[in-house]
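Before any comments, here is the structure.
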Amino acid sequence: MNLEKNLQIVNTNIAEACKLSNRNKKEISIIGVTKNVDLETTKNLIEKGIIHLGENRPIPFLEKHEAFKNITNKPIWHFIGNLQTRQVRKVINKIDYLHSLDRLSLAIEIEKYAEKEVKCFIQVNTSLEKTKQGIYPEEILDFIKNISIFKKIKIVGLMTMAPYTEDESILLNCFEKLKICLNKIKELDEYKFVSIGLSMGMSNDYKIAILKGATFIRLGTCLFE
Ligand SMILES: *Cc1c(COP(=O)(O)O)cnc(C)c1O
């Protein structure tokens with residue numbers, strides 16, 4: 001693993017995708033997904049300037065959170081996996097962003113245990129695969145309306161996971177669907193002046209996600225391979 005070299009490649013690819021889509025690369029943040037690496041490697045990543053970190057399971061997240069809670073460049077923690085309602089209490093006050101808000105029962109638990117507002121991405125199932133988490137695209141406006149009563153939940157964007165495929169048309173289609181959902185939300189009065197982003201793109205497809213407007217890309221494999 002050559003972290004420095006891998007980061008260079010990623011940055012070059014981001015710059016290229018931005019050029020193609022007329023975007024400013026400052027609009028895009030890399031979340032280093034550390035779920036498969038140890039504390040040492042995570043520390044190296046932070047030292048290379050990646051401070052947005054993503055974990056998808058409570059126990060490893062809590063371990064890393066504890067290990068890095070007093071360092072100078074404290075990580076900004078993104079919980080990117082399915083969060084079971086009974087696990088909310090343990091993690092909700094230690095994360096900065098939740099990327100997997102996908103049901104009312106989860107919102108209810110967050111409202112119960114969060115001590116301050118939690119920034120949440122609504123997870124949308126754009127590939128329509130049965131195995132994927134997330135609400136369906138056509139449910140987005142009803143879902144937003146239903147969770148608007150929760151004071152502790154601040155919607156900061158939408159998240160999706162595309163299927164693992166090399167077929168660019170499938171990937172483009174998923175990311176396009178998420179962008180359409182975002183545009184629907186922006187038509188709502190209460191979101192007119194709110195900045196909301198798109199959490200989409202992983203190692204395999206982040207260049208395509210950027211073309212469609214990604215603001216957070218979640219990268220694991222391509223950083224640590
Ligand atoms: C593991 C994971 C990633 C990172 O995937 P890579 O293909 O390793 O880049 C991104 N998002 C979620 C939700 C994940 O679980």
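Order of listing sets the numbers, starting from 1, for every ligand and every atom in it. Numbering starts at 1 and runs along the sequence shown.
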Item checked: By side-chain contact (heavy atoms from CB on, under 4.5 Å) - contacts of Lys74 (at least two apart) -> none
Next item on the list: Look up atom CD1 in Ile208 and atom SG in Cys174, then write down how far apart they are to the nearest 0.5 Å.
Entry: 10.5 Å
Check: Could you give all pairs that pass the ring pair (Phe, Tyr, Trp, His ring centres under 6.0 Å) test and reach residues 84-106, with sequence neighbours left out?
Finding: His78-Tyr97, His78-His99, Tyr97-Phe216, His99-Phe121
Checklist line | Charged N-O contact under 4.0 Å between Glu187 and Lys184 | finding: no
Item checked: Trace of the salt bridge (charged side-chain N to carboxylate O under 4.0 Å, His left out) decision for Glu55 with Lys35 -> CA-CA 5 Å; Glu55 283 284 326; Lys35 65 186 181 196; over 6 Å; no
Margin query: List the residues meeting side-chain contact (heavy atoms from CB on, under 4.5 Å) with Asn73, not counting sequence neighbours, and say none if there are none.
Written below: Ile46, Ile51
Dump the pairs for me: ligand 1 N or O, protein N or O, distance under 3.5 Å, to 0.1 Å.
residue  : atom   : partner : partner atom : Å
ligand 1 : 8 (O)  : Thr221  : N            : 2.8
ligand 1 : 8 (O)  : Thr221  : OG1          : 2.5
ligand 1 : 9 (O)  : Ser203  : N            : 3.0
ligand 1 : 9 (O)  : Ser203  : OG           : 2.5
ligand 1 : 9 (O)  : Gly220  : N            : 2.8
ligand 1 : 11 (N) : Arg218  : NE           : 2.8
ligand 1 : 15 (O) : Lys35   : NZ           : 2.7

